[in-house]
Amino acid sequence: MQTVKISTYQAATLLTITMLATSILLVPSNVASEAGRDAWLSFILGTLLGMLTALLAAALAQKHGNAGFHAIAEKVMGSLPGKLLGLLYLAFYLLLTASLIREFASFMATAFMPLTPISVFVLLFTVSCICTAYLGLEVIARLSEIVLPVIVFFLLLILFLQSDQYELSALLPLLRTPPENILRGAFVFWGWSGQVFFLLLLYPYLEKPGQALKASLIAVSIVGFFLTAGAFSLETVLQYPLTERTVFALLAFVRLINLTGFLLERVDAVVIVIWVAGAFVKASFMLHITSISLAQVFGVTESRHFLLPLAALNSALSIFLFESSKELETFIHFLWPIITLFFLVLIPFLLYFLSFPASKRSSAPGNKGGGQQ
Amino acid sequence: MKTRLLFLCLLTAYTLLFTGGCWDQGELEELALVQAIGIDYLPQEKKFEVTTSIIRPGELGAGGMEGGIEGDAEPMRLITTRGKTLSGAMEQQNAFLSRRAYYAHNDVVIVGEKLASQGMHLILDRLTRERDTRLTLNVFVTGDNVKEFLRGGSRLEISLPKEIRQMKLRTSQRSLRGEANLLDFIQNLLQSGQDPYLPVVEMREETPTSPREAEIGETGKDGKRENEVNGENINGEKEESTENKVGYPKMYGTAVFREDRLAGFLDGYETKGLLYVEEGLIDSRKTINDPEGKPGEIVLITIDNSSRILTEVVNGKPRITVKIEEEGDICCQTSATNLFTPENFRRMEQSKEEVIKGYVKDVLEKTRKWETDIFGFGNKIKQNHPGYWEDLEKGEWREEIYPKLEVEIQVESNIRRTGLIERPPFYEYYQ
Amino acid sequence: MFKYIKNLIKKTRYKSLQYSQRSSRQPEHPHYPVPRALKDKTTTLGQIIGHSPDVIFRRFTLGFNRQEALAVYVDGLVNTEYQNESFFKPLMALELIGTGKASDYETIKNSLVNLGEINEHDCLWAASLTALSGDTLLLVEGTEKVLSVNTRGLPERGIEEPKRETGVRGPHEGFVENFRTSIAQLRIRLKSPDLTFETMRGGTHTNTDVAFCYMKGIANPGIVEEVKHRLRRITHTDNILESGNIEELIEDNPHSPFPQLEITERPDKAVSQLLEGRVIIFTDTTPFVLIAPSLFWQFIQSSDDYYQRWMGSFVRVIRIIALFVALFLPSVYVAISSYHQEMLPFALILSVASVREGIPFPVFVEAFLMEVVFEFLREAGIRLPMQIGQAVTIIGALLIGEAAIMANLVSPAMLIIVASTGIASFLIPAFNLAITLRLLRFGIIIMAGLLGLFGVMIAFMLLLTHLVSLRSFGVPYMSPLAPLNLRDLKNVLIRMPRWKEDKRPHSSRTRDTRRQDTDLQPGPEN
C-alpha cells in the first residue's frame, strides 16, 4: 500500500463536507423543534462545541506523535483492548454509514421520486461510493476539493436569491425559549459538528500534521456558518412554526424561490446537486474509513478487499435498521447525538486522559475528571 | 468459479435494477395539467366539491381561440367531483381523466365561501404535505359558486386560470385587493396575534358579443359589495337578455379570516386601508377636495409607501401607533386653483392624510366587529413585549383587547411630483 | 464483467515517477558485417535490400584510375539533381593514388565533405535502412565500411494551415509529415541552445523516426526520463504509423476514455508547451505531435487565446459552459421531462408539453435516436470531399430535421437541444476530448432515462471520480483544480494578462519557475 498524502486544504474540505453534507438538509428542523425561534443560537453553540471536539482530537493526536486513532487506542489501552475498541468503533461507523445511506435514499424518494423503491437508490449509491473508495483517500480528498466549492456556491446562491424575503422581525421575541431547550438544540447539532473527530483518522495521511488543527477549526466554522445562516434564513423566511414541521428545511426554502421574471421558479434541482454530491463524498469517505479501520484492527495490509462486503452490509443495514421515515427521524433527533457524544467525544477524551502516565494523573493538580482509583 | 458466481450475482442485481421498470418515469403527454382548482364545501352532505380546470393539450401551442363563441376560450375542461375529504375528492377525478392529474403547475386555488366559513384547516394539510403543491400557491376566496366561477371565460388571456394567475402576478402592486398567497396565509395563521386574509375573485356576467366595460362604483360607508353596478350599461338601462352571458373574473377586495374561518369581506377601498399598513401599496389613487374649497377635485397617486407599527404597554394596557409614510404625485386636477403654493401643498397633504386615516379607520372598525386582527398588532406586541403577551390568555387578545385597542394612526404624506404639466392650462373651464 | 470492472479500476492507479526498471530495448536488427570485396558487398546488399524496381544499383568509376564503385539508392527518395551535382560529379573527378588502399577510402570520404551528412556504417543492415530513408550508399573495394550520404529529396506536402486547429490570430503554419521539416519549424520559433532532441526508431518494419524534445533546464528531468523509457519500451512493435499509435502505447491509463496526451499541429503551440516544461514527441510521416504530460484543462485551451487581449478569458468561460452543455444538456432535458416535470418553469411547461403532443416515442428514445442520427451526419460529413461535405452535413441536418418534425416523429425542442449540444461540442478545441464527450454523452443520457436527475448526478460523480483519479505521466489530471493550486488556476478559468504570467505552471513540475519579471505591467508610469 503506497503512502498517500493529502494536503491541509484537502483535509479541511473533506472534513467540511463530512459535517455539512447531510446536516444542511436535516438538522435545522430538528434543532428548531427544540429551540424554536432561537435555533440560530443553538447552532452557534453547537459550532463552539464542535471546535472543542476538534481541539480535543488534535491534542490527542499530537500527544501521540500524530498517529492515527486506532494506533493511539492500541497504544494507550494495550493491544487487545485497543482492538476491541476498534471493533466497537466499527459498529459505530457501520451505523453512521447505514443511516447516511438511508437518509440519502429517503430524501431522494420522498421529495422527488416516490414510486421508486428505496433499494434502488441504496444499491446504486453504495456501489458508486465503493468505486470511489476503492481508488483511495487521495481521490476522495481531491473529489472533496472540487465538490465543496460547488456546494458552497449553490448554498450562497440560494441564500442570496431569497434576500428580499428575509423578515428580521420574525426573529423577535428574542431569547424567550428556555436555555435548556437551546442547549438541547445545540446538543443535536453537536452530533454533526462533532464529526470533526474524523480528523483523528486522517492524521497518518496528512502532509503537514501541524496544520491539522487549523484545518479542522476552519472546517467547523464553515459548517457552523452555513448552518447558522441556514437556520437564520429559515426563521426569517419560513418562520417559526413552519420550520419545525417541515422535514426537509432546505428543500422547503428552495421551493420558495420564485423569481418569475428570471425563470428562477422551480430550482429544486439545486438541492439535488448539493445533496447527491455532498452525500457521495461523505459516504465514500466513511466507507474508506471503515475499511481502513477494519484493516488496522485485523492487521491486514490491503484494506480494499473489505469494500465489497462492506457495501453489502451497509446496504442491508440501511434498509432494515429503519422501518419507516419516522424511525429515521427519531433516530437522528434523539439517539444520534447521544451515540455521537459517546464515540466522538467521550472516548477520545478518555483516551486523552489515559495517555498521561498514571503518576501524573493522580498527582497533578489541575487534572479534570474523577479519579481513577 | 468464484468470479463466475460473483458475475452472476452482479448481473442479476443490475438486471433487476435496470429492467424492473423505471417507476417514476412519466412523459409529459401522460399528464393532465391542472391549471386551477376550485374547492367548496357542501354543508348538507358534508362533502367537499372539487372542480379542476384542465388544459386541453390539443389547444396548446396552436393558439387556442378556435372553436366556441368568440370571446369564449375553450382550451380548458372542467371536472367536478365530490368526496368526504379533499384528497378523496381529488382521487375521484381520476375516473374522468385519460391522463394522470398533475397539480405541480397549478397556481390557482379558488376556495368557496362555504368552505372558508367552515375553516381552511380542512384543506391546508393536503396543500402543505404533498410534494406537488408549493407554498407559493395563490389562493383566492370567492363568494360565487365555485363551479360556476370556473366555467367563466377570460378577457385578455387564453384561459381563465391563466387570467387569474396573471391578475395576481402582474397587478401585484395595484391597490384593490389583498396580497397574500398560501405561504402568507399559513404564516399569518400560525402566528398568534395575527389573522390571515386572502384576495377575492368573483364573476361578472356580461354578454360577450358587445363590448362591455367592467364597472365598479364608489363604495358606500357600509362597504357593501352590492353597490357595484351589475348588468347595467352606461345609460343605466337594465340588460334585456340574460342568455349567452359569460362570466369574466374580477379580482377585488379581501377576505378576512378569524383564525381559519371566514369572517367577512373588505371591498376595494377598505383593502387600501389594509394595504397601506401592510406596505407596498402603490399606484393607488385618492381623491381629495380642492384645498381652497373651490369646486372640483384633485386626484393623487401613491408612489411609495412604508409603514411602521409601534407598540407600547402603558399600565398594563397596550397602545399601538401606526406610522404610515407615503409619497405621492398629483395625478389629475379638476379645479381651478393654483396648487403650487406651499399653503395649498400643505393643505393637500393634510387632506391626503385624512383620507388615508379614513381608510385605515374603516378597516379597523370592520375588523373589530369581526374580532380579527389582520394588521398583526398582536404579533407586534408579542415581538416587542413578550412578557405582556405571555400573560394574556388564549383568545383574550382577539376577543377583548383588540376591539378596544387604542390605535393611533399617524400619516405622513408628501407630494413630490406633479406630472407633466403644472397648472392646468384649461383651468378657466373649470369655473 | 466484474473482473473487467476490477481491472478497470486497478489500471487507473497511480504510477510512480521513478525511473522505470523496464528494459529499454531498441528494435533488434540482424547484423551484417561488411565484406571487403566489392563483389561480396554487392551480393549481400542485394540480398538485404532486394531488387525492387526503384532500388538502383549504379556502377560507376571513381577517379582517373577508373576504380569501380557502387552507388545504391532509392529512386524517388533522392534528389537527383543534387545527387548528380554533389555526389557523382565530384566522385568521378576524384584523383586517386592507387586501388584498394585504405588511404583511398579516406580521400573519398573527405571529398564528400561538402555534402553535409555523411555516415559510416559497418553493418549492411543499418546502411540499407539509411538507403531506404533517401541516402545514397557508396560501396568501394577494400574497406569494411559503407558510406551513406544524405541526398534526400522526399516527396513532401507544402506547409499549410492545419485544418483542425484554425484560429483567428496567429501563424497559419502547421507541421508537415517530414519530421525534419517540422523540427525546423520548431527551431525557427525557439532559437535556444537548450532545446534538446533525442531520437529513436520505432516499429520493427516501419522503422519510423520518433524524436522527442524538451527544454533542458526547464523540463523536469524525471518526466523526461519517463518519456524516454516509455518510448524505448514500445519501439519493437510492428508498426508506428501515426502519433496515435504511440499515444495509445505510452499513456498512463489506457482504459480511460479521456485523452492524456495532447495533440497539436501548430508549431507555436508546441513552443509554448515546451516553454512550460513539457515534452514534445515528433513522429515522422505525421504532422501531429504529442505533448506530455497533458492535463484536463489544457484540452479546452487553444493557442489563439493567448494572442488576443481579453478574448482568451471570455472564450474560456464560454468553453467551460459549452463543456457542460455538451455533456449534460440532452440528459437534463430527458430527466426533467420524464421524472421531474415539476421543475419546468411555468412559462415553459405549456410550450414544452404542446410540442410533445403526438410524438410517439418517449423522450428518452427520442433523445437517443436524435443523437445517433446526429453522429451519423457528423461522421458522414468527415468522409465526404471538402467542398460538398459541409453542405451535405448542414443541409442533411436541416432537411432531416424538418421532415422529422413534420412527420411528428420528433419534437422541435429535441432538435434544438441536439443541435445546441452539437454546436457546444464543436467549441472544444481539442478534438480528442470532443470525441470523448460524444461517447460519454450517450452513457449519461441512458442514466438520465433510467433514474432521472439522480442518475445524472451519480453519473456525474462517477465521472468526476474517474477524472480526479487519472494521472498523466505522474501529474494529477485535474490539476490545478484538484489538488488545488491557486497560482495555476489563473489560466484555467480565465486567462490572466500576459504581464501577470511571471511564473511557470506547477503542473509540469518544472524546475525553473521564473518566467519573466514581475513588474511588466504596462502603463504610463512604466
Participant: Provide the closest heavy-atom pair for L484(C) versus E145(A) in the form atom of the first, atom of the second, distance.
Facilitator: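 Looks like N-OE2, 2.7 Å.
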Participant: Step through it carefully: locate the ring centre of F460(C), locate the ring centre of F280(A), and say whether they are under 6.0 Å apart.
Facilitator: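 Between F280(A) and F460(C), which both carry aromatic rings, the centre distance is not below 6.0 Å.
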Participant: Can you tell me how far apart NE2 (H466(C)) and CG (L143(A)) are? Round to the nearest 0.5 Å.
Facilitator: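 Result: 13.0 Å between the selected atoms.
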Participant: Drop me the distance from D268(A)'s CG to E342(C)'s CD, to the nearest 0.5 angstrom.
Facilitator: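 Nearest 0.5 Å value for the CG-CD distance: 6.5 Å.
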Participant: Below 4.5 Å, heavy atoms only, C-beta onward: do I458(C) and F125(A) meet side chain to side chain?
Facilitator: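 A side-chain contact exists here, since the closest heavy-atom pair is under 4.5 Å.
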Participant: Stepwise, does the side chain to side chain contact (heavy atoms under 4.5 Å, CB included) test hold for L451(C) with M108(A)?
Facilitator: CA-CA 11 Å; L451(C) 280 163; M108(A) 289 303 294; over 6 Å; no
Participant: In sequence, state the C-alpha distance, the side-chain angles, and the governing distance for I336(C) and R266(A), and then conclude on side chain to side chain contact (heavy atoms under 4.5 Å, CB included).
Facilitator: CA-CA 12 Å; I336(C) 291 191; R266(A) 290 144 190 267; over 6 Å; no
Participant: Over 60° means perpendicular and under 30° means parallel, so classify the ring planes of H340(C) and F112(A), tilted if in between.
Facilitator: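 Because their plane-to-plane angle is over 60°, the rings of F112(A) and H340(C) count as perpendicular.
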Participant: In a check of side-chain contact (heavy atoms from CB on, under 4.5 Å) between L464(C) and each of V147(A), V281(A), V139(A), V150(A), which one passes?
Facilitator: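 Considering V147(A), V281(A), V139(A), V150(A), a side-chain contact (heavy atoms from CB on, under 4.5 Å) with L464(C) is found only for V147(A).
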Participant: Is the NZ atom of K208(A) crowded by more than 12 outside heavy atoms at less than 6.0 Å?
Facilitator: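 No, NZ of K208(A) has 12 or fewer neighbouring heavy atoms, counting only those of other groups under 6.0 Å.
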Participant: May I ask you to test the R142(A)-P476(C) pair for a side-chain heavy-atom distance under 4.5 Å?
Facilitator: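 Result yes, sub-4.5 Å side-chain heavy-atom pair found.
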Participant: Quick one: what part of L344(C) sits under 4.5 Å from any heavy atom of chain A, side chain, backbone, both or neither?
Facilitator: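 Backbone of L344(C) only, per the 4.5 Å heavy-atom cut-off to chain A.
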Participant: With a 4.5 angstrom heavy-atom cut-off, which part of T132(A) approaches chain C: side chain, backbone, both or neither?
Facilitator: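 Answer is both: backbone and side chain atoms of T132(A) are under 4.5 Å from chain C.
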Participant: Using a 4.5 Å cut-off on heavy atoms from C-beta on, say whether the side chain of T116(A) contacts that of F454(C).
Facilitator: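 Answer no - side chains too far apart.
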Participant: Relative to chain C, which segment of V267(A) carries a heavy atom at a distance below 4.5 Å: side chain, backbone, both, or neither?
Facilitator: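 Neither part; nothing is under 4.5 Å.
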